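Worksheet: one structure, shown below.
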Amino acid sequence: MNFKEIEKKWQKRWEEEERYKAIDFSNKPKYYILVEFPYPSGVGLHVGHTPNQIAMDIIARKRRAEGYNVLYPIGWDAFGLPTENFAIKNGVSPIKATADNIANFKKQIKSLGISFDWSREINTTDESYYKWTQWIFLQFFKKGLAYKATANINWCPNCKIGLSNEESEGGVCERCGTPTIQKPKTQWMLKMSDYAEKLLNGLDDTHYWESIKTMQRNWIGKSEGTLLHCSLVSGEKFDIFTTCIETVFGITYFVLAPEHELVDKIKDKIKNFDEVMAYRQASAKKSEFERREMLKEKTGCRLDGIYAINPLTGEKVPVYIGDYVLAGYGTGAVMAVPSHDQRDFEFAQKFNLPFVEVISGGNTTHKAFEKEDYLGKGCRLVNSGEYSGSTVEEAKKAINDYLEKSGKGKRITTYKMRDWVFSRQRYWGEPVPLVYCEKCGWVPVPDDQLPVTLPKVERYQPTDDGESPLSRIDEWVNTTCPHCGGKAKRETDVMPNWAGSSWYWLRYMDPHNDKEFASLDKIKYWNTVDIYNGGGEHVTRHLLYARFWHKFLYDNGLVSNPEPFDRRVQQGIILASDGSKMSKSRGNVVDPLKYVNEYGADITRLSHMFMGDYVESKPWREDTLKPCERLLNRIVQLADKVDKNAKTQNKLILAQSIKKISEDIEDLKFNTAISQIMVLTSSLEKNEQISEEDYKTLLSLLCPFAPHISEEMWERLHFEGRVDDKWPTYKEEDLLENVVEIAVQVNSKIVARLDINPNLTDAEILEFVKNSSEVKDIIAGKEVVKEIYVKNRLVNLIVK
RNA sequence: GCGGAUAUGGCGGAAUGGCAGACGCGCUGGAUUUAGGUUCCAGUCCGAAAGGGUGCAGGUUCAACUCCUGUUAUCCGCACCA
């Protein structure tokens with residue numbers, strides 16, 4: 001059988017008849033399947049990308065056969081660094097590089113016979129697309145959710161360029177190896193923190209995997225605690241945040257983040273200010289990466305001559321700065337209770353600071369007795385003044401009440417999730433559609449002037465002072481203020497790669513609309529994405545950004561549903577054969593086209609899905625190709641046995657297969673679904689003749705996995721209609737068996753396997769088992785104290 | 001350090017708390033073939049057997065790959081969650 005020729009024929013036919021086009025407002029029930037749209041890199045589509053498209057294609061094809069109006073679209077997430085760097089290196093324009101890469105990807109995807117609705121293809125770098133990315137950004141701006149703030153960027157002092165985290169991995173510049181430093185830069189921010197609570201609560205309305213919900217919850221990081229107003233002996237005030245106010249009597253020092261503003265305020269009073277500044281500078285040089293990696297060894301610096309007062313005890317304690325305290329979380333300052341916080345414990349040991357145990361019941365000689373250890377265990381306070389003797393829970397409440405009454409502090413909720421740094425000083429992104437006017441400040445570009453198109457530049461590199469290359473084009477930068485008509489300058493930063501992917505599923509619903517990003521009618525019809533498949537690496541950031549944008553649009557009446565995705569599932573990463581990550585630099589990228597050319601699309605698809613559990617990451621392997629090829633050849637040969645006059649002899653195995661394959665597809669267990677197709681095929685092969693109905697069922701079950709050959713065999717045998725016109729169903733009664741083998745245990749040990757009639761009552765079966773020759777002798781003369789019968793599975797007799 | 005996951009034959013992997021190893025790969029033997037390949041048939045967790053066996057140590061249960069506690073290793077993500 002020449003699979004490749006058949007596949008070309010069917011792919012052409014599907015395209016001509018627009019077979020997989022999703023119909024707006026169809027009367028059929030809708031089903032929206034989304035795969036993360038790929039980044040069209042120069043490496044080409046590789047087998048790391050393809051499983052998700054194949055897997056969702058299987059679901060899409062099954063759903064269509066079941067009578068759904070399926071939306072299964074595809075597009076390109078094409079802005080961003082890889083293409084920009086490729087452009088710089090090779091001296092081609094990113095526009096051309098993107099177009100070339102997309103053409104390549106498209107060819108590869110089409111060769112696999114994925115049933116995308118190509119009429120809805122989108123590309124984040126098209127002006128007609130990013131016009132709306134800019135427009136949505138302006139809605140954030142108009143609602144006060146886009147603001148300017150100073151944030152650190154990774155800066156290479158040698159290349160004089162801002163680097164992404166990826167480009168400065170390990171704290172060194174990827175290009176020249178120079179250690180990077182943290183450089184403050186004014187940036188656009190999106191106020192995601194305003195949506196923390198909504199993003200948290202909204203998870204309850206979704207059907208994401210529980211592990212994904214947990215990761216999002218942890219990322220949002222809601223934490224309820226106490227804001228405690230503290231002051232230095234010299235009078236200056238500062239706040240700290242703690243979740244463990246019950247340990248307040250155990251404070252033996254305070255620690256501020258190195259960048260904390262209080263340090264500047266009191267610099268005249270710090271005796272060792274030079275030393276403090278040196279520490280601060282050393283910390284600033286550390287990347288996030290280093291701060292994380294170096295925490296085995298706590299570092300810090302005492303503020304000599306500075307003491308703070310414990311607001312509850314009035315006690316005088318020293319103050320330190322230390323970079324284990326982060327400026328961006330809480331208040332950038334902590335109360336240190338070394339007996340009950342492990343980080344404080346380590347810091348105190350290093351700097352020889354005192355320990356005061358205030359929660360009894362633990363041992364604090366070698367490590368801290370932390371809240372995880374004492375909460376909910378009825379532990380009581382000690383060394384805590386009037387609170388000594390109270391339980392932790394009582395004390396927490398009483399101390400908080402006292403603080404609120406006395407004005408020394410209050411209960412607050414904080415979130416770990418930070419606002420989103422939304423500027424990049426780069427070229428290949430959506431220009432931020434704002435202009436700055438001396439008189440009017442930041443003014444949005446009016447809707448009728450959108451999009452602000454990305455101008456052509458000669459050099460794609462940022463400037464030496466770290467500004468976007470757009471800042472070099474004076475005639476572009478200089479413009480007039482849309483508000484007052486005076487002189488103004490355009491913002492030269494562009495948006496991050498994440499922007500275009502934060503609303504793309506909405507554009508698929510109405511991809512050619514030039515009046516709105518998508519019409520509300522169509523949004524109402526397609527509504528929530530029913531299943532969204534992507535990589536585990538996007539579970540926190542992309543998924544939160546996307547939900548954030550969607551919720552913002554919902555709050556402004558622009559979409560009809562509060563959550564964008566109902567189900568979120570993820571595929572395992574396909575690694576190279578040796579278990580390492582696939583990447584161009586390693587030269588271990590596997591091109592699916594290679595297998596399509598050699599074996600054809602159907603076998604390539606089957607072999608991808610047969611490789612193992614879809615959800616687990618695994619190395620690429622080729623040894624699943626052969627068995628899948630064998631399977632298809634066997635199914636083709638089986639056609640010779642099809643006989644118009646034959647009657648079905650396979651009710652049971654067919655019913656079992658329909659049930660198992662249907663359920664397995666829903667559960668993303670494609671590997672076991674294929675196993676069942678193999679089992680069914682083997683079973684049918686035992687027949688001399690096969691009825692048309694039986695063979696049709698086999699082809700329909702195979703179709704989502706291997707659509708080309710299924711269509712072809714259906715046509716060759718002149719069956720009516722098409723193979724995917726309807727999904728096979730079965731009758732419950734066909735699943736009933738006449739004889740079932742059960743295991744028989746005595747004292748939980750298997751002693752026999754017996755065939756039983758499952759229609760007998762439980763009592764009859766137990767009687768039958770006890771009287772069987774295999775069991776009779778073993779239990780003779782003993783007392784049966786317990787009898788367990790698990791239907792159609794086993795009998796366990798407990799005897800004494 | 002934190003968060004999420006994973007651990008089963010020579011290999012990939014199956015198993016609503018109920019017969020561990022489905023389905024494959026590989027391997028062994030046989031048939032077909034001038035030969036190789038293809039295809040087909042049989043066997044294949046370990047052990048001679050009694051038995052043993054799902055990373056390791058405990059626990060719950062008539063019964064544990066599955067649930068609980070602890071522990072180790074590996075993978076992914078990360079922004080030291082006070």
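Lettering follows sequence order; numbering is per chain, from 1. Since this is a predicted model, take the numbers as computed values, not measurements.
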> Rounded to the Å, how far apart are A/Met215 CE and B/G4 P?
Replying inline: 8 Å
> Any side-chain N or O of A/Lys371 under 4.0 Å from OP1/OP2 of B/A82?
Replying inline: yes
>> Please give the distance between the P atoms of B/G24 and B/A42 as a whole number of Å.
In response: 12 Å
> Given the C1' atoms of B/A63 and B/A79, what is the spacing between them in whole Å?
Replying inline: 47 Å
> Do the charged groups of A/Lys800 and A/Glu783 touch, with an N to O distance under 4.0 Å?
Replying inline: no
> Which one, B/C62, B/A14, B/U16, comes nearest to the side chain of A/Thr672?
Replying inline: B/A14
>> Without decimals, in angstroms, what is the distance between A/Met417 CE and B/C2 C1'?
In response: 18 Å
>> Between B/G10 and B/C46, how far apart are the two C1' atoms, rounded to whole Å?
In response: 13 Å
>> Nearest whole Å is fine: how far is B/G24 P from A/Met609 CE?
In response: 19 Å
>> Tell me the interatomic distance from A/Lys626, atom NZ, to B/G24, atom C1', rounded to whole angstroms.
In response: 14 Å
>> Between A/Lys770 and A/Glu787, does any side-chain N to carboxylate O distance fall below 4.0 Å?
In response: yes
> In dot-bracket form, how is RNA chain B paired, counting a Watson-Crick or G-U wobble pair only if both its distances are under 3.5 Å and using | for bases paired to another strand?
Replying inline: (((((((..(((.....[....)))((((((.......))))))((....))..(((((..]....))))))))))))....
> Of the nucleotides B/G24, B/A5, B/G77, which one has an atom closest to the side chain of A/Ser211?
Replying inline: B/A5
> Centre of A/Tyr208's six-membered ring, under 6.0 Å away, within 45 degrees of the axis: is that where NZ or CZ of A/Arg568 sits?
Replying inline: no
>> I'd like the P distance from B/A48 over to B/C41, given in whole Å.
In response: 30 Å
> Quick one: is B/U39 close enough that its OP1 or OP2 comes under 4.0 Å of any side-chain N or O from A/Arg630?
Replying inline: yes
>> I need the single residue from A/Tyr415, A/Phe548, A/Tyr545 that forms a ring-ring contact (aromatic ring centres under 6.0 Å, His included) with A/Tyr195. Which is it?
In response: A/Phe548
>> What is the distance, to the nearest angstrom, from the CH2 atom on A/Trp420 to the C1' atom on B/A79?
In response: 16 Å
> Taking for each residue the nucleotide of RNA chain B bearing the nearest heavy atom, is the 5' side occupied by A/Arg343 or by A/Gly612?
Replying inline: A/Gly612
> Counting just side-chain N and O atoms, does A/Ser223 come under 4.0 Å of either OP1 or OP2 of B/A82?
Replying inline: yes
>> The side chain of A/Lys618 is closest to which nucleotide in this list: B/C25, B/C19, B/G13?
In response: B/G13
>> If the condition is side-chain hydrogen bond (donor to acceptor under 3.5 Å, both in side chains), which residues does A/Lys185 pass it with, not counting sequence neighbours?
In response: A/Glu467
>> For the P atoms, the ones on B/C11 and on B/G51, what distance do you get once it is rounded to whole angstrom?
In response: 27 Å
>> Between A/Lys669 and B/A15, is there a contact of a side-chain N or O with OP1 or OP2 at under 4.0 Å?
In response: yes
>> A quick test of your reading: do over 12 heavy atoms of other residues, nucleotides or ligands sit less than 6.0 Å from CD of A/Glu741?
In response: yes
>> Would you measure the distance from the C1' atom in B/U69 across to the matching atom in B/U61 and give it in whole Å?
In response: 16 Å
> Among B/A79, B/A82, B/G24, which nucleotide sits nearest the side chain of A/Phe241?
Replying inline: B/A82
>> At 4.0 Å (heavy atoms only), tell me whether A/Gln342 reaches a base, stays on the sugar-phosphate, or touches nothing.
In response: nothing
> Under 4.0 angstrom, heavy atoms only, what part of the nucleic acid is A/Leu794 near: base, sugar-phosphate, or nothing?
Replying inline: base
> Where the side chain of A/Ile750 is defined as all heavy atoms beyond and including C-beta, which of B/G3, B/C19, B/C25 is the nearest nucleotide?
Replying inline: B/C19
> Do A/Lys222 and A/Glu197 sit within salt-bridge range, that is, some charged N less than 4.0 Å from a carboxylate O?
Replying inline: yes
>> So A/Gln745, base contact, sugar-phosphate only, or nothing? Heavy-atom distance under 4.0 Å.
In response: base
> Any Lys/Arg nitrogen of A/Glu370 or A/Arg343 sitting under 4.0 Å from an Asp/Glu carboxylate oxygen of the other?
Replying inline: no
> What interatomic distance, in whole Å, is found between P of B/U60 and the corresponding atom of B/A14?
Replying inline: 31 Å
>> Within 90° of 0 counts as syn, otherwise anti: where does B/G58 fall?
In response: anti
>> What's the closest nucleotide to the side chain of A/Asp613 if the choices are B/G4, B/A82, B/G13?
In response: B/G13
> What's the closest nucleotide to the A/Asn218 side chain, out of B/G4, B/G77, B/G24?
Replying inline: B/G4
>> What's the closest nucleotide to the side chain of A/Ser748 if the choices are B/A79, B/C80, B/C62?
In response: B/C62
>> Minimum heavy-atom separation for A/Gln571 and A/Asn533, please, with both atom names.
In response: OE1-ND2, 2.8 Å
> Roughly, in whole Å, what's the span from CD in A/Glu537 to P in B/C78?
Replying inline: 9 Å
> Whole-Å distance between B/C23 P and A/Gln676 CD?
Replying inline: 10 Å
> Between B/C23 and A/Asn671, is there an OP1 or OP2 to side-chain N/O distance shorter than 4.0 Å?
Replying inline: no
>> Taking the nucleotide of RNA chain B with the nearest heavy atom to each, does A/Glu210 or A/Gly536 sit closer to the 5' end?
In response: A/Glu210
>> Which label fits A/Tyr595 and A/Trp620: parallel for a plane angle under 30°, tilted from 30 to 60°, or perpendicular past 60°?
In response: tilted
> B/A64 and B/A82: how far apart are their P atoms, nearest whole angstrom?
Replying inline: 40 Å
> Hey, is A/Glu663 close enough to A/Lys659 for a salt bridge, meaning N to O under 4.0 Å?
Replying inline: yes
>> Using the side-chain heavy atoms of A/Phe610, tell me which of these nucleotides is nearest: B/A63, B/G24, B/U16.
In response: B/G24
>> Under 4.0 Å from OP1 or OP2 of B/A79: is there any side-chain N or O of A/Arg541 that close?
In response: no
> When you measure from the side chain of A/Arg418, which nucleotide among B/A79, B/A82, B/G24 comes out closest?
Replying inline: B/A79
> Just how far, in rounded Å, is C1' of B/G77 from NE2 of A/His542?
Replying inline: 15 Å
>> At 4.0 Å (heavy atoms only), tell me whether A/Val679 reaches a base, stays on the sugar-phosphate, or touches nothing.
In response: sugar-phosphate
>> Taking donor-acceptor contacts at under 3.5 Å, does the side chain of A/Asn796 reach the base of B/C62?
In response: yes
